[in-house]
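Start at 1 and go down the list; that is how both ligands and their atoms are numbered. Numbers here are sequence positions counted from 1.
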Amino acid sequence: MTDSKTLVPEDFFADPSGRVFNDRLYIYPSHDRRTNIPDDDNGSQYDMADYHVLSMGEIGGEVTVHGKAFGVEDVPWAERQLWAPDCAFKHGKYYFYFPARDREGVFRIGVAVSDTPEGPFTPEREPIRGSFSIDPAVLVDDDGEAYLYFGGIWGGQLQCWRTGQFDPDAYSTMEASRDEDALMPKVAKLSQDMKSFESGVQDLIINDDIDGKPIRAGRHDRRFFEAAWMHKRGGKYYFSYSTGDTHYIVYAMGDSPMGPFTYAGRILEPVQGWTTHHSIVEFRGKWYLCYHDTSISGENNLRSAKIRELVYDDQGHIKLAQPQA
Ligand code: FUB
């Protein structure tokens with residue numbers, strides 16, 4: 001299968017994180033909903049209030065929309081905007097990572113726990129200590145160590161954390177200036193119980209393949225914007241992400257889960273709709289790209305999750321995919 005398949009045409013799910021548990025493909029998406037909030041550069045229009053997990057026994061087969069995993073009312077610290085989540089399995093439990101704005105309007109990352117991959121999940125009472133910004137993605141490496149990747153500029157508030165403290169006055173700068181190094185995504189090693197950061201939060205350095213130096217903020221077609229994702233194939237680490245206002249999904253390759261990484265190219269050309277957000281997952285010996293677009297609604301905040309096959313060349317580079325309506 002190389003054609004894209006819309007997973008749930010009758011509802012709106014975005015930011016699809018694909019995970020395989022018990023030989024079944026699970027998708028952990030945002031659950032878009034209609035609002036009267038106008039589009040702005042903060043992403044205020046993405047005002048999601050709950051999560052549902054999707055699953056399927058085979059690609060192209062029936063997609064199950066599981067019952068509510070949890071809602072914003074179940075998260076004691078969160079006020080609004082349940083954005084792009086991810087899920088990991090360790091020591092017999094499923095850990096669901098998600099961003100939301102706290103009562104001061106600051107994005108934090110929380111974790112919710114379940115005995116089953118579809119939930120319901122029970123959120124911890126507090127966000128992960130030391131967490132900030134959006135779009136958590138987790139890698140449980142072959143040695144059992146787990147890492148959380150996160151961050152997003154503009155509405156994702158990463159520009160407010162340059163000093164290590166939240167600076168609301170930095171919000172409107174959106175990102176670093178053109179000739180500076182771009183703001184890099186963040187990585188932290190997770191503790192054995194998967195509920196806290198074992199190490200401090202570090203930059204995940206992405207170097208340009210042209211000069212070997214960190215990608216500059218002016219390279220809007222390459223610099224990190226949001227939608228962090230890490231996968232491993234053939235001993236190599238692949239970090240992929242959205243370039244935001246240029247609307248590409250791109251990737252970088254490295255030899256360590258903590259970086260550094262080197263820019264390696266584009267994965268997906270712009271889809272219909274402002275945001276582009278993806279995941280990459282191996283299922284029964286084939287690799288798949290999960291992503292979303294607005295081909296059904298025509299509205300930026302009502303997105304449809306899709307899946308299509310992902311193809312590598314003989315050198316392990318990912319072949320560029322064209323979006324399909
Ligand atoms: O779904 C809300 C936000 O839109 C996500 O967190 C971003 O990655 C973008 O897809």
Side-chain angles (χ1 to χ4, degrees), residues 7-8 11-18 27-35 37-54 69 72 75 78-87 96-102 105-110 127 131-138 148-159 174-175 183 185-186 223-230 239-251 267-268 270-280 289-295 297 299-306 323:
L7 295 174
V8 185
D11 200 350
F12 296 105
F13 292 100
D15 309 322
S17 292
I27 306 285
Y28 297 86
S30 306
H31 187 200
D32 284 354
R33 62 171 182 164
R34 280 183 199 283
T35 71
I37 303 169
D39 281 19
D40 64 25
D41 285 342
N42 309 333
S44 307
Q45 64 275 24
Y46 304 105
D47 188 35
M48 297 82 98
D50 65 14
Y51 291 112
H52 289 257
V53 178
L54 318 179
V72 69
V75 188
E79 188 179 64
R80 64 196 159 98
Q81 291 187 298
L82 297 183
W83 281 13
D86 191 15
C87 188
F96 186 113
Y97 298 92
F98 62 99
R101 280 188 196 253
D102 68 15
V106 178
F107 271 109
R108 305 279 180 182
I109 295 169
S131 71
F132 53 90
S133 198
I134 61 166
D135 290 2
V138 63
L148 198 74
Y149 303 89
F150 58 95
I153 59 174
W154 296 26
Q157 302 178 340
L158 202 53
Q159 67 275 17
M174 304 298 231
E175 52 190 301
L183 295 174
K186 304 295 177 191
R223 60 93 170 84
F224 174 77
F225 189 98
E226 63 186 4
W229 188 258
M230 183 71 81
F239 181 74
S240 46
Y241 56 97
S242 164
T243 63
D245 58 336
T246 48
H247 313 287
Y248 299 117
I249 297 292
V250 300
Y251 74 109
I267 295 175
L268 184 66
V271 296
Q272 185 179 330
W274 202 96
T275 65
T276 185
H277 189 126
H278 72 301
S279 65
I280 293 169
L289 176 70
C290 308
Y291 67 104
H292 68 227
D293 66 19
T294 61
S295 56
S297 74
E299 295 181 49
N300 276 334
N301 65 321
L302 294 176
R303 300 164 291 179
S304 299
K306 294 185 158 181

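The shortest N or O to N or O distance between H277 and ligand 1 is under 3.5 Å.
For E79, the side chain to side chain contact (heavy atoms under 4.5 Å, CB included) partners two or more places apart in sequence, or in a different chain, are R103. Q159 meets the side chain to side chain contact (heavy atoms under 4.5 Å, CB included) test with I153, Y171, T173, M174, L183; sequence neighbours excluded.
When each atom of ligand 1 is checked for a heavy atom of H292 under 4.0 Å away, the hits are 10 (O). Interface atoms of ligand 1 facing A84, defined by a heavy-atom separation under 4.0 Å, are 6 (O). Residue M48 approaches ligand 1 through these ligand atoms, each under 4.0 Å from one of its heavy atoms: 1 (O), 2 (C).
Aromatic ring centres of W229 and Y291 lie farther apart than the 6.0 Å criterion allows.
When only non-hydrogen protein atoms are considered, atom 9 (C) of ligand 1 lies nearest to E226 OE2, 3.4 Å. Nearest protein heavy-atom neighbour of atom 4 (O) of ligand 1: R303 NH1, 3.2 Å. Closest to atom 10 (O) of ligand 1 among all protein heavy atoms lies D15 OD1, 2.6 Å. For atom 6 (O) of ligand 1, the closest non-hydrogen atom of the protein is D135 OD1, 2.5 Å.
Under the 30°/60° scheme for interplanar angles, the aromatic rings of F239 and Y149 are found to be tilted.
The residues D47 and R33 are annotated as salt-bridged, a charged nitrogen and a carboxylate oxygen being separated by less than 4.0 angstrom.
A heavy-atom distance below 4.5 Å is not found between the side chains of S242 and H277.
Within the structure, the closest approach of Q81 to ligand 1 does not fall below 4.0 Å when heavy atoms are considered.
Exactly one residue among W154, Y248, Y241 makes a side-chain contact (heavy atoms from CB on, under 4.5 Å) with F225. That residue is W154.
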